[in-house]
Student: 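One structure, as structure tokens, below. Some questions next.
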Number of protein chains: 4
Amino acid sequence: MPSPPHGAAAHIKTARGRPRSEGCHGAILGAVAELLRSEGYGALTIEAVARQAGVGKQTIYRWWRSRAEVVLEAYANHAASRVPVPDLGSLRADLEVFMVTAFNRLNDVSGPTMRGLMADAVLDPEFLVLMREVLIERRRGALREVLARGAQRGELDPAADGEVLIDLLFGALWHRLLLQHAALDAAFARQIVGVVLDGARARPGN
Amino acid sequence: MPSPPHGAAAHIKTARGRPRSEGCHGAILGAVAELLRSEGYGALTIEAVARQAGVGKQTIYRWWRSRAEVVLEAYANHAASRVPVPDLGSLRADLEVFMVTAFNRLNDVSGPTMRGLMADAVLDPEFLVLMREVLIERRRGALREVLARGAQRGELDPAADGEVLIDLLFGALWHRLLLQHAALDAAFARQIVGVVLDGARARPGN
Amino acid sequence: MPSPPHGAAAHIKTARGRPRSEGCHGAILGAVAELLRSEGYGALTIEAVARQAGVGKQTIYRWWRSRAEVVLEAYANHAASRVPVPDLGSLRADLEVFMVTAFNRLNDVSGPTMRGLMADAVLDPEFLVLMREVLIERRRGALREVLARGAQRGELDPAADGEVLIDLLFGALWHRLLLQHAALDAAFARQIVGVVLDGARARPGN
Amino acid sequence: MPSPPHGAAAHIKTARGRPRSEGCHGAILGAVAELLRSEGYGALTIEAVARQAGVGKQTIYRWWRSRAEVVLEAYANHAASRVPVPDLGSLRADLEVFMVTAFNRLNDVSGPTMRGLMADAVLDPEFLVLMREVLIERRRGALREVLARGAQRGELDPAADGEVLIDLLFGALWHRLLLQHAALDAAFARQIVGVVLDGARARPGN
DNA sequence: TCATAAACGAGACGGTACGTCTGGTCTTTCC
DNA sequence: GGAAAGACCAGACGTACCGTCTCGTTTATGA
């Protein structure tokens, strides 16, 4: 993420005085990553980040508007910038791989962070917009690509609305991620892709 | 909700001391409803509830463990106790009606509350368990009933896993509710039910 | 009192960050004085002081450890810094004037405050030490001076222990102040000084 | 102390209903003594006493008005009922023995309790009256007796005011007890009695 | 013998204040 | 003139006691 966040916009002019320290910026993001790892999202307060990073609170507020925005950038930096788009020649295979890849990342480390970000987004409309743009939309785009490739191959009913399919697939993912009532595993990936492609309706000929 | 909440559990025996006042209990829930309506989930603090209800803070903590638990009970009391299960003779119709009914409730008033509850559940594992039990599971049960009726009628592929279908349908609902990137309307209900039943795969004969 | 109170100790070095606001410090002491006057020692809570001074509670705790310490400083500021030491050429006259002066101050305004401070000191050993240092010892010193002058003039029995005389005189003062069983008036001053100098023993020659 | 305390006054009439339990009364006083010993005056709350005594709070309030009143009675019960009045044939000896006896009791166990009672008395005028009556006045009376005996023997200057002497002697005692700046020991007893009887003034002939 | 009435243990109740924590903002000095 | 440091106002947090108020139960007296 390039991240000249809020306020800094349109600093095309000379930028007098001491330039903003990239070192600070990095130290803050590093502190966030460290705290997420060691204490969890709940313990992540602006004050704790400032302490951990050896930075004044004001410096954090100069670059970001809220805890959630810092975390979002720290998270985006480290892992999410590239969402790989599989291309195996089959829509079903592509979707399954895509979902399993996403599941794996969530199960490994990023699950708690994503859950925390979503919680903050729900309570903070301004951040919700940002998160949709830099996190959600990026992933929807990747999935959209997969679907488009399938459509080109003629694997998709032309009447199907891609956005709805994306809502179904990501919806199922987020549902289990947030509620934790069942695992995000390969079986689940296969099942939701199966239903979304084939439907659950009984068919005479089967 | 029957709700002899925490600590009071299983006091079938004598129940000594002054009994807890149902009046207080109700006043608190009423205050929560009022504050949710007038100020929103964010402004809902224990202190504000106590003030509004004319009650000591300790009295709230005596009945509930956290803000989220009070809200959950207030919400469950007023609207959620009865989840209607449509029975129109067709699985597709039943599902569509079920989803549209849910959407309407969310669009009318309970959307913000549900979003707030989910945010708290994500940050508080203890509450997550409670919320799954009294809110989520109740709704899943209703949907499960609808699916079971369809299966009995032979409308469902016997190989389909009901829980997965439920995750897909509720996942899509929660996804749009939380991210607010698109409306929860009848069209969306029709679309997701359509995909879940028929699949999005292109079919030669169609 | 110069008063860079607790925690700030020995900051001879640079003192980074925003310096503590003398304005706040003064506003708090002013609020304490005002509340003591209008509501009395009992009504003086940290929260009331913060409210009256337009200050956060934390700011009070940053400067002082307890209610009693704030009051002590407020009191010391306004009245006690200078304990006048009379010098009339006679030990008896000096002692009587000293005691009457002290009585007058207590009868006018500072009586209730001194009683409150003593009550807190009795229940809080840490504060007791502080109070002895900045309030009691200062006054004992003044009385010690008076006695020393008398001794120089040869008016005191060289065998007499000054500290014991001070305990007797201040003891009598505090006794009536705390128990309120009799007035602190000029007659009492004359009487205790008389006994302490002359004794109450019957003497043949008298 | 006979102690049919407050409210019960003048029940000449039949006294219907269940009579007050002497067992409770005793259990409460015992709990107070125990708590004073083990936790100190500061930790002594009505709730703690009720818990320790296995008694409802209301029962305590039925007999006494405040914490201080319970403590006062517990203290008076166990030690203070009899203030011994020495009679050795000499005023000086009687006074010294009286003071040393008092000092010893304070140094042994009752010091903290007396200090706590005084702190409460200072903050609670109603209790101050009670404490003067049942604690202070009793002791002043004993000392008054000693002085009267001395006067009868012609050992006291007839012009001396006994109350002032008492204020001086008890004042010195309380002063050191409350401020803890020096020990209450036999030397101090001898010194204050010496000054009060002989005076500290230099005398030509001595 | 049984009704009345007060005391009892228990603990919920409305309050008040506590001391702590965090959020955002501001005000210094240092670089 | 940016940045660290940290003081500032504000206000919620959860806890501790306060003194009062129900409860159901117990223990007396008096009808």
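Residue numbering restarts at 1 for every chain, and letters A, B, ... go by the order of the sequence lines. Only this structure's heavy atoms are used, side chains among them; waters, hydrogens and symmetry mates stay out.
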Student: Could you say whether A:Ser66 or D:Gly54 is positioned toward the 5' end of DNA chain E, judged by the nucleotide with the nearest heavy atom to each?
Tutor: D:Gly54
Student: What distance separates B:Leu29 CG from B:Cys24 SG, expressed to the nearest 0.5 Å?
Tutor: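 Atom-to-atom, B:Leu29:CG and B:Cys24:SG are 11.0 Å apart.
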Student: At a cut-off of 3.5 Å, list every protein nitrogen or oxygen paired with a nitrogen or oxygen from nucleotides 1-6 of chain E, distance to 0.1 Å.
Tutor:
{"unit_1": "E:dA6", "atom_1": "N3", "unit_2": "D:Arg18", "atom_2": "N", "d": "3.3"}

Student: Could you tell me the separation between the CH2 atom of A:Trp63 and the P atom of F:dG2, rounded to a whole number of Å?
Tutor: 12 Å
Student: Report the distance from atom CD1 of D:Ile28 to atom CH2 of D:Trp63, rounding to the nearest 0.5 Å.
Tutor: 8.0 Å
Student: Pick the closest DNA chain E nucleotide for C:Ala43 and for A:Arg67 by heavy atoms, then say which residue is nearer the 5' end.
Tutor: C:Ala43
Student: Is there a side-chain contact between C:Val70 and C:Ile60, using heavy atoms and a 4.5 Å cut-off?
Tutor: yes
Student: Out of curiosity, C:Gln52 CD to C:Leu44 CG, how far, rounded to the nearest 0.5 Å?
Tutor: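 If I round to the nearest 0.5 Å, the distance is 10.0 Å.
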Student: Does any pair with a residue in residues 114-125 of chain D pass salt bridge (Lys or Arg N to Asp or Glu O under 4.0 Å), and if so which ones, sequence neighbours excluded?
Tutor: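 Applying salt bridge (Lys or Arg N to Asp or Glu O under 4.0 Å) to every pair that reaches into residues 114-125 of chain D, excluding sequence neighbours, yields D:Arg67-D:Asp120.
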Student: Quick check on contacts: within residues 28-42 of chain D, what sits under 4.0 Å from DNA chain E by heavy-atom distance?
Tutor: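 Per residue number, the list is empty: none.
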Student: When you measure from the side-chain N and O atoms of D:Thr59 to the phosphate of E:dA7, is any distance below 4.0 Å, counting only OP1 and OP2?
Tutor: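 Looking at the OP1 and OP2 atoms of E:dA7, neither is under 4.0 Å from any side-chain N or O of D:Thr59.
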Student: Just the rounded figure in Å: distance from P of E:dG9 to NE2 of D:His25.
Tutor: 13 Å
Student: Please list residues of residues 112-131 of chain B whose heavy atoms come under 4.0 Å from any atom in DNA chain F, ordered by number; otherwise none.
Tutor: none
Student: Take the protein atom CZ of D:Arg65 and the nucleotide atom C1' of F:dC18, then report the distance between them rounded to whole Å.
Tutor: 17 Å
Student: Let me confirm one number: the CG-OH distance from D:Leu123 to C:Tyr41, rounded to the nearest 0.5 Å.
Tutor: 7.5 Å
Student: Is there side-chain contact between A:Val49 and A:Lys57, with heavy atoms separated by less than 4.5 Å?
Tutor: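 Of all side-chain heavy-atom pairs linking A:Lys57 with A:Val49, none is under 4.5 Å.
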Student: In the structure I gave you, are the side-chain heavy atoms of A:Met118 and A:Met131 within less than 4.5 Å of one another anywhere?
Tutor: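 Yes, side chains in contact.
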Student: Please say which of D:Arg62, D:Arg20, D:Glu73 ends up in a side chain to side chain donor-acceptor pair (under 3.5 Å) with D:His25.
Tutor: D:Glu73
Student: Only counting residues at least two apart or in another chain, list the ones meeting side chain to side chain contact (heavy atoms under 4.5 Å, CB included) with B:Arg51.
Tutor: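 By the side chain to side chain contact (heavy atoms under 4.5 Å, CB included) rule, B:Arg51 matches B:Glu47, B:Ala48.
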Student: List for me each residue that meets salt bridge (Lys or Arg N to Asp or Glu O under 4.0 Å) alongside C:Glu39, sequence neighbours excluded, and say none if there are none.
Tutor: none
Student: Please write out each protein N/O paired with an N/O of nucleotides 20-22 of chain E under 3.5 Å, distance rounded to 0.1 Å.
Tutor:
{"unit_1": "E:dC21", "atom_1": "N4", "unit_2": "C:Gln58", "atom_2": "NE2", "d": "2.9"}

Student: What is the bend of the helix from E:dT1-F:dA31 to E:dC31-F:dG1 when you compare the axis at one end with the axis at the other, using five pairs each and rounding to 10°?
Tutor: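 Roughly 10° between the end axes, to the nearest 10°.
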Student: To the nearest 0.5 Å, tell me how far C:Leu128 CG sits from C:Leu117 CG.
Tutor: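 It is 11.5 Å, given to the nearest 0.5 Å.
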Student: If the condition is side chain to side chain contact (heavy atoms under 4.5 Å, CB included), which residues does C:Ala33 pass it with, not counting sequence neighbours?
Tutor: none
Student: Could you tell me the separation between the CZ atom of B:Arg65 and the CZ atom of B:Phe127, rounded to the nearest 0.5 Å?
Tutor: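 Output value for this atom pair is 11.0 Å.
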Student: Please tell me if the side chains of A:Tyr75 and A:Leu36 come closer than 4.5 Å, counting only heavy atoms from C-beta onward.
Tutor: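 Not in contact.
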Student: What pairs with B:Arg37 under salt bridge (Lys or Arg N to Asp or Glu O under 4.0 Å), at least two apart in sequence or on another chain?
Tutor: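 With neighbours one apart ignored, the set is B:Glu34.
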Student: Specify the separation, in whole Å, of atom CD1 of B:Ile60 and atom P of F:dA12.
Tutor: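 It is 13 Å, rounded to the nearest whole Å.
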Student: Using heavy-atom distances to pick each residue's nearest nucleotide on DNA chain F, tell me which of B:Pro19 and D:Pro19 is more 5'.
Tutor: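 Nearest-nucleotide comparison on DNA chain F picks B:Pro19.
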